[in-house]
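Order of the sequence lines sets the chain letters (A, B, ...), proteins ahead of strands, with each chain counted from 1. Below, each value reflects all heavy atoms present in this structure, side chains not excepted, and no hydrogens, waters or symmetry copies.
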2 protein chains.
Amino acid sequence: MPTMSSLTIGALAKRTGVKIPTIRYYESIGLLPEAPRTGSNRRTYDDKAVNRLRFIRHARELGFEVEAIRQLLAMADDPGRPCRDADLLARTHLAEIESRIARLEALRDEVRRMVDGCAQDQVRSCHVIEVLADHAHCLHDRH
Amino acid sequence: MPTMSSLTIGALAKRTGVKIPTIRYYESIGLLPEAPRTGSNRRTYDDKAVNRLRFIRHARELGFEVEAIRQLLAMADDPGRPCRDADLLARTHLAEIESRIARLEALRDEVRRMVDGCAQDQVRSCHVIEVLADHAHCLHDRH
DNA sequence: TCTCGATCCTCCAGTCTCTGGAGAATTTAG
DNA sequence: CTAAATTCTCCAGAGACTGGAGGATCGAGA
Ligand SMILES: [Zn+2]
Ligand SMILES: [Zn+2]
Ligand SMILES: [Zn+2]
Ligand SMILES: [Zn+2]
């Protein structure tokens, strides 16, 4: 049978790698349910809380926003429904990542050109400064 | 000869594509100098301000942080010095962009795997939810 | 049992880069 | 002259935490 453990917030933090203030923050925004308290008002957690917090941490590491995680958690709590919505959320996130990559790659190209084009002399003739001062030096017309 | 124009903040905003509250914000953090005021306390700008603000906007579009821009502006104001520092700043920024791209590409791979692995049935067996619940499903050991 | 350091509590402020609204004053167009 | 547009200051909010102040409580050793 599973261990009937009751964890302090510090133990939960260690087990999940999430900092204590962050745990309290997640509770305050309703991502974690309000933890039951001891007689002296300290939060206690069980294994379910560990799993939920790990889920949150992992989703955050994968770049999901809190609002998305809130919905994913609600879905995870309801195993019978179709997973269309969860998949759509993930696919939307994927598209967002891809567009951020594309944007950053364009930036990288411009900044690289900026850096490589400089003869390393005086600011007067610095290609970096010139490019910054005038977008006409850029390849892409928008950034 | 250059037009001896005196612009309102609204005209400056139109000319540079920077919103009015943002212009005031830049002034408040010292990126833009305090604009001279009319008798009725309205800010006035000249062509130099237009150039400075365009420089800021372009640098922001290229992803430079405000602190970096502050330094770049100081350098641009001093054309005689060597441009080593400006170039170093840009190179540092380039490295930062590259590392963000690498991180996002790793994320993209994981999220794509997550999405592609789902058979689109019930939440119970949803690959998206499974992966989120357990990092062991991931390829990279860190995100 | 006493005490001390570790842990916990709440509340608040700060991070970063804006963005927008309230309410008042002034300018501009018709 | 009036009404609409613009500007002013101040303040709050966004997202996702992070950290500090000041105080209460816990566990372990003497
Ligand atoms: Zn240079
Ligand atoms: Zn450009
Ligand atoms: Zn699914
Ligand atoms: Zn993972």
Side-chain angles (χ1 to χ4, degrees), chain A residues 5-32 34-45 49 52-53 55-73 92-93 96-97 100 103 107 143, chain B residues 5-32 34-45 49 52-73 93 96-97 100 103 107 143:
Chain A
S5 55
S6 177
L7 302 171
T8 64
I9 195 170
L12 177 64
K14 248 175 216 144
R15 233 163 256 228
T16 58
V18 178
K19 291 181 183 164
I20 292 176
T22 304
I23 296 172
R24 291 199 273 245
Y25 169 71
Y26 285 157
E27 182 183 309
S28 81
I29 62 169
L31 214 45
L32 287 175
E34 293 193 12
R37 306 292 184 111
T38 67
S40 63
N41 199 33
R42 297 186 169 202
R43 293 171 177 84
T44 56
Y45 298 93
R52 197 174 177 88
L53 187 48
F55 186 104
I56 294 171
R57 171 160 145 77
H58 197 211
R60 285 296 297 132
E61 285 172 346
L62 288 169
F64 285 89
E65 294 181 1
V66 165
E67 270 319 296
I69 297 174
R70 200 188 294 280
Q71 295 178 50
L72 288 166
L73 281 168
T92 303
H93 181 47
E96 169 65 23
I97 292 174
R100 270 196 276 168
R103 192 185 132 73
L107 284 197
H143 301 290
Chain B
S5 55
S6 177
L7 303 171
T8 64
I9 195 171
L12 178 64
K14 249 176 216 144
R15 233 163 257 228
T16 59
V18 179
K19 292 183 181 161
I20 292 175
T22 305
I23 295 171
R24 291 199 273 244
Y25 169 72
Y26 286 157
E27 182 183 308
S28 81
I29 62 170
L31 259 196
L32 287 175
E34 294 194 11
R37 306 293 183 109
T38 67
S40 64
N41 199 33
R42 294 180 172 206
R43 293 171 177 84
T44 56
Y45 299 93
R52 197 174 177 89
L53 187 49
R54 284 207 174 124
F55 186 104
I56 294 170
R57 170 159 143 80
H58 197 210
R60 286 296 299 134
E61 284 173 347
L62 288 169
F64 286 88
E65 293 180 1
V66 165
E67 268 320 294
I69 296 174
R70 200 188 296 279
Q71 296 178 49
L72 288 166
L73 281 168
H93 180 48
E96 169 64 24
I97 291 174
R100 271 196 275 166
R103 193 185 131 74
L107 283 197
H143 301 292

Within the structure provided, determine whether A:E65 and A:H93 are in side-chain contact (heavy-atom separation under 4.5 Å).
no

Could you check which of C:dT19, D:dA16, C:dC8 has an atom nearest any side-chain atom of A:Y25?
D:dA16

To the nearest angstrom, the CG-P distance between A:L7 and C:dT7 comes to 15 Å

Reported NZ-to-CG distance for the pair B:K14 and B:L12, which is rounded to 0.5 angstrom:
11.5 Å

Does the side chain to side chain contact (heavy atoms under 4.5 Å, CB included) test come out yes or no for A:Y26 and A:V18, once each step is laid out?
CA-CA 10 Å; A:Y26 285 157; A:V18 178; 4.2 Å; yes

Please work out if A:I9 contacts a base, only the sugar-phosphate, or nothing of the nucleic acid, heavy-atom cut-off 4.0 Å.
sugar-phosphate

Using whole Å, report how far NZ of B:K19 lies from P of D:dT7.
15 Å

Contacts of B:E67 that satisfy side chain to side chain donor-acceptor pair (under 3.5 Å) - sequence neighbours left out:
B:R70

Residues within residues 57-68 of chain A bordering DNA chain D, heavy-atom distance below 4.0 Å
A:R60, A:E65, A:V66

Given the rule in the side chain to side chain contact (heavy atoms under 4.5 Å, CB included) test, do B:Y45 and B:L53 qualify, once you have shown the distances and angles that lead to the verdict?
CA-CA 11 Å; B:Y45 299 93; B:L53 187 49; over 6 Å; no

Roughly how far apart are B:L32 CG and B:L73 CG, rounded to 0.5 Å?
8.0 Å

Under 4.0 Å between any heavy atoms, over every strand shown, what does A:I29 touch: base, sugar-phosphate, or nothing? Just pick one.
nothing

Please set out all donor-acceptor pairs under 3.5 angstrom arising from side-chain atoms of residues 55-63 of chain A, sequence neighbours excluded.
{"residue": "A:R57", "atom": "NE", "partner": "A:T16", "partner atom": "O", "Å": "2.7"}
{"residue": "A:R57", "atom": "NH1", "partner": "A:E61", "partner atom": "OE2", "Å": "2.8"}
{"residue": "A:R57", "atom": "NH2", "partner": "A:E61", "partner atom": "OE2", "Å": "3.4"}
{"residue": "A:H58", "atom": "ND1", "partner": "B:V131", "partner atom": "O", "Å": "3.0"}
{"residue": "A:H58", "atom": "ND1", "partner": "B:L132", "partner atom": "O", "Å": "3.1"}
{"residue": "A:H58", "atom": "NE2", "partner": "B:H135", "partner atom": "ND1", "Å": "3.1"}
{"residue": "A:H58", "atom": "NE2", "partner": "B:H143", "partner atom": "NE2", "Å": "3.2"}
{"residue": "A:R60", "atom": "NH1", "partner": "A:F64", "partner atom": "O", "Å": "2.6"}

B:R42 side chain vs B:I9 backbone, donor-acceptor pair below 3.5 Å
no

Specify the closest pair of heavy atoms between B:I20 and B:A13, including all atoms of both residues, with the distance to one decimal.
CG1-CB, 3.8 Å

Ignoring backbone atoms, establish whether B:T8 has a side-chain N or O less than 4.0 Å from OP1 or OP2 of D:dT7.
yes

Hey, what are the protein-to-nucleotides 9-12 of chain D N/O distances that come in under 3.5 Å?
{"residue": "D:dT9", "atom": "OP1", "partner": "B:R37", "partner atom": "NH1", "Å": "3.1"}
{"residue": "D:dT9", "atom": "OP1", "partner": "B:R37", "partner atom": "NH2", "Å": "3.1"}
{"residue": "D:dT9", "atom": "OP2", "partner": "B:R43", "partner atom": "NH1", "Å": "3.0"}
{"residue": "D:dT9", "atom": "OP2", "partner": "B:R43", "partner atom": "NH2", "Å": "2.9"}

I need the A:R103 CZ to B:I97 CD1 distance, nearest 0.5 Å.
9.0 Å

Could you pull out the protein-nucleic contacts involving nucleotides 1-3 of chain C (nitrogen or oxygen on both sides, under 3.5 Å)?
none

Could you run down nucleotides 23-28 of chain C 5' to 3' and tag each one B, S or - for protein heavy-atom contact under 4.0 Å?
--BBS-

In whole Å, I'd like the distance from the CD1 atom of B:I20 to the C1' atom of C:dG21.
14 Å

Distance check needed: D:dT6 P versus B:Y45 OH, whole Å only.
16 Å

Report the C-alpha separation of A:R100 and B:R100 in whole Å, then their side-chain angles, then the decisive distance to 0.1 Å, and conclude whether the side chain to side chain contact (heavy atoms under 4.5 Å, CB included) test is met.
CA-CA 10 Å; A:R100 270 196 276 168; B:R100 271 196 275 166; over 6 Å; no

Side chain of A:P21 - closest among D:dG19, C:dC8, C:dC18:
D:dG19

Euclidean distance, atom CD1 of residue B:I23 to atom P of C:dT19 [Å, nearest integer]
11 Å

Rounded to whole angstrom units, what separation is found between the CG atom of B:L12 and the P atom of D:dT7?
10 Å

How long is the span from the CZ atom in B:R43 to the OG atom in B:S6, to the nearest 0.5 Å?
13.5 Å

